[in-house]
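Reviewing the structure listed below.
Sequence positions, counted from 1, serve as the residue numbers for this chain. Computation of the quantities below employed the complete heavy-atom set of this structure, encompassing side-chain atoms and omitting hydrogens, waters and symmetry-equivalent molecules. Note that the structure is predicted; figures quoted are calculated from it, not measured.
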Amino acid sequence: MKKKHTTQFAPVRRSLGEGGFFSPRALLALIVCSAAACSVLAGALLGFFHPEAPNQASQRALTFAERGSYQRAIEEVYWRHRIWPKERTDRKPSLDAVMSQAQLQTKVEDYLRKSQALEDQWQRPLSAEQLQAEMDRMAKHTRQPEMLHELFEALGNDPFVIAECLARPVLTDRLVGDLSAPDNKGRFDSARSKRLRSVSMETTVADGTYTLPRIAEGNPPCTDDSWAPTCLTNAPSGRSYHSAVWTGTEMIVWGGLGSSIWNTGGRYNPSTDSWTATSTTNAPSSRYGHTAVWTGTEMIVWGGNAFFNDLNTGGRYNPTTDSWIGMNTRTSNPPSARQGHTAVWTGSQMIIWGGAYYSGGPPDYFNTGGRYNPSTDSWTATSTPSAPSGRELHTAVWTGNEMIIWGGDRFGSYLNTGGRYNPTTDTWVATSTSNAPAGRSLHTGVWTSTEMIVWGGVANTVLNTGGRYNPGTDTWIATSTSNAPSARQFHTAVWCGSEMIVWGGSDYFNTGGRYNPTTDTWAATSTINVPTGRRLHTAVWTASEMIVWGGNNNTSLNTGGRYGPTPAAMCPSTPTPTITPFFRPTPTPRRRTPPPPPPRP
């Protein structure tokens, strides 16, 4: 009987071979792969790329172990750029601590299986021309040229290795996604790749005439005041009421409502301008109007609604391993089911608070919440003495030591009250109402490192006013209305280091504005190449640009755009703690009956 063996993937070291490429003999000497071990990896892809076929181009052997080593080099680049929230007291671990050899092997197997499935479908392998075109596309459309340079360098700037280990996974994922789409039903049998049990130890591919593409630098980051579209190919289905977080390398969108209620999502990588679907294995149930936070290693989603069913469940998604872990709902006493709540990440815990529950009669408005610790998979209730009154559709920001909530709706009353919650002492302090903005809901809130800025929303009318709250002095200052964007709700806002950028919302606007609190002035966002107007979309700040995606304009959208503001001085080298604006899930600020599903496109 053949013995099982796990291939160990060594880090790629350029000193071992020109361009960072291991020779098969040297690599085999390092990992001592026996003939019996290699037999486990032999299987359906033994004839991958048909090495027996005559080929005029030069041939080059690339072992499975080499592919794994190059995959590790790619993951090292991404892991280095992953956001480790500064509030976290623990040190960022090494890649080896968060991604096992088996998980690296699975990633390599996955793209080789997809390649084989495409070959089975088309009766021909992916060509060198297709892979060269994919490399060229990445280099031309990247919005993170520095990171793409790092990826190329990690692969030794070897165009053959880049084509095989960076371009091939992206291209095969996109092509399989296209052929698996509903409008192509019946044209592609994805089960073929699932039936493949193993991959070959060594594949021989044409070294062809690959050339290293020149990475387009474009304008320096943050200086162009213009828009560029996000890739549409392989993007998730159109949706609104979804969530989004920024990881430092990717935007992850999940859930939401479109032609269905989704428990699907996607990871958008601006360095390669490409989408990768999130796994649905062990994913939380479908929902919309939930919240999401980024912890440094995982996205945590919680709560929300599935039509007439409010939820108190959630899940933790790891983009490094593309895997979900459920959250304890049996013994950890999670908060009661709700929607219209908020969530912040403190560095060690997710705090959710407020929201409402609809059960057929008047809604229950909560002034309760919970602190979720992912390291223990447990909840601790937030205190209620001195807590603000129950509400939904408010905003929340994390200051570094406190959560500040403000505004919202309660039985049709628009609130201009709020509170500061200290999780260390489990205590609340009310925010001042002196000079506070008018009460409202469906507004946005960002944290600047010294102030909370709230803006827009709806009361008895839609608003274009706002205020800056300083928790150190417990005081408010109104934001200027001169040159401010038009009044709106259902918009998004991000903080980019020195300005707040608001965009979209209300009657499907494709306009926005940049607010500078230092000068108390507004400047309009560019409309050059701007995405289609929308509302109920999401936005994240990447440290160099704002990415907006999804939303609704009488139809559910799966399009988006990347906006680089100006001047360059406003762009920090690292993102701020508030990674995404908190999502406002409910389209109507007042409801006294069970919430109907939002209108379908």
Side-chain angles (χ1 to χ4, degrees), residues 84-90 243 245 284-285 287 289-305 310-318 324-357 364-392 394-406 408 418-431 445 447 452 471 577-580 582-583 585:
W84 193 251
K86 66 180 183 180
E87 293 83 9
R88 293 195 67 154
T89 57
D90 55 333
S243 60
V245 300
S285 59
R287 65 193 65 202
H290 51 285
T291 50
V293 298
W294 174 247
T295 73
T297 56
E298 297 174 319
M299 172 183 71
I300 307 179
V301 300
W302 189 85
N305 183 275
D310 290 334
L311 305 168
N312 74 338
T313 59
R316 293 153 46 191
Y317 175 72
N318 186 327
W324 286 93
I325 298 174
M327 297 168 67
N328 187 349
T329 59
R330 296 182 179 179
T331 61
S332 63
N333 299 313
S336 54
R338 61 192 68 193
Q339 60 176 300
H341 58 288
T342 49
V344 300
W345 174 249
T346 71
S348 61
Q349 297 177 318
M350 174 182 70
I351 309 177
I352 66 99
W353 190 84
Y357 178 77
D364 294 325
Y365 292 101
F366 297 116
N367 75 338
T368 59
R371 308 194 313 261
Y372 175 73
N373 187 330
S375 64
T376 59
D377 192 22
S378 62
W379 288 90
T380 302
T382 56
S383 66
T384 54
S386 301
S389 57
R391 63 193 68 195
E392 67 170 340
H394 52 287
T395 51
V397 299
W398 176 250
T399 70
N401 53 37
E402 292 180 320
M403 172 182 72
I404 308 178
I405 66 98
W406 188 82
R420 304 190 335 245
Y421 175 72
N422 186 322
T424 302
T425 59
D426 191 28
T427 56
W428 286 92
V429 175
T431 57
W447 176 248
M452 173 183 71
T578 304
I579 301 170
T580 62
F582 292 100
F583 189 61

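The shortest side-chain heavy-atom distance between Asn367 and Arg391 does not fall under the 4.5 Å cut-off. Between Asn312 and Pro334 the shortest side-chain heavy-atom distance falls below 4.5 Å. Inter-residue side-chain proximity for Pro85 and Thr295 is flagged as unmet; no heavy-atom pair is nearer than 4.5 Å. Proximity of Pro374 to Trp345: side-chain heavy atoms (C-beta onward) are separated by under 4.5 Å at one or more points. Inter-residue side-chain proximity for Thr384 and Thr368 is flagged as met; some heavy-atom pair is nearer than 4.5 Å. By the 4.5 Å heavy-atom criterion applied to side chains, Thr382 and Ile351 are counted as neighbours. Residues Met327 and Ile300 form a side-chain contact, since some pair of their non-hydrogen atoms from C-beta on lies under 4.5 Å apart. The closest side-chain heavy-atom distance from His394 to Trp353 is below 4.5 Å.
In the model, Tyr421 has a side-chain atom that pairs as donor or acceptor with a side-chain atom of Arg371 under 3.5 Å. For Gln339 and Asp310, the side-chain atoms include at least one donor-acceptor pair closer than 3.5 Å.
Listed here is the closest heavy atom pair of Pro423 and Trp398: CG-CH2, 3.7 Å. Of all the heavy atoms in His341 and Gly354, the pair that sits closest is CB-O, 3.4 Å. Residues Tyr365 and Ala356 come closest through the heavy atom pair CD2-CB, 3.9 Å. For the residue pair Trp84 and Asp90, the shortest heavy atom distance occurs at NE1-O, 2.9 Å. Across all non-hydrogen atoms, the minimal contact from Gly314 to Pro284 is C-CG, 3.8 Å. Between Leu311 and Ser285 the shortest heavy-atom distance is CD1-OG, 4.2 Å.
The distance from atom CG of Asn373 to atom CG of Asn328, rounded to the nearest 0.5 Å, is 12.0 Å. Taking OG1 of Thr431 as the start and CD1 of Ile405 as the end, the distance is 7.0 Å to the nearest 0.5 Å. Here Thr399 contributes atom OG1 and Asn422 contributes atom CG; the two are 8.5 Å apart, rounded to the nearest 0.5 Å. Here the straight-line distance linking atom CE of Met403 with atom CD1 of Ile352 works out to 9.0 Å at 0.5 Å rounding.
A cation-pi arrangement, defined by a distance under 6.0 Å to the six-membered ring centre and an angle within 45 degrees of its axis, is present between Arg338 and Phe366.
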query: Going through the distances and angles, do Tyr357 and Ser336 end up as a side-chain contact (heavy atoms from CB on, under 4.5 Å)?
result: CA-CA 9 Å; Tyr357 178 77; Ser336 54; over 6 Å; no
task: Decide side-chain contact (heavy atoms from CB on, under 4.5 Å) for Val301 and Ser243; before the verdict, give the C-alpha distance in whole Å, the side-chain angles of both, and the deciding distance to 0.1 Å.
output: CA-CA 8 Å; Val301 300; Ser243 60; 4.3 Å; yes
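Checking side-chain atoms of Ser383 against main-chain N and O of Asp426 turns up a donor-acceptor pair under 3.5 Å.
Aromatic pair Trp302/Trp379: ring centres closer than 6.0 Å.
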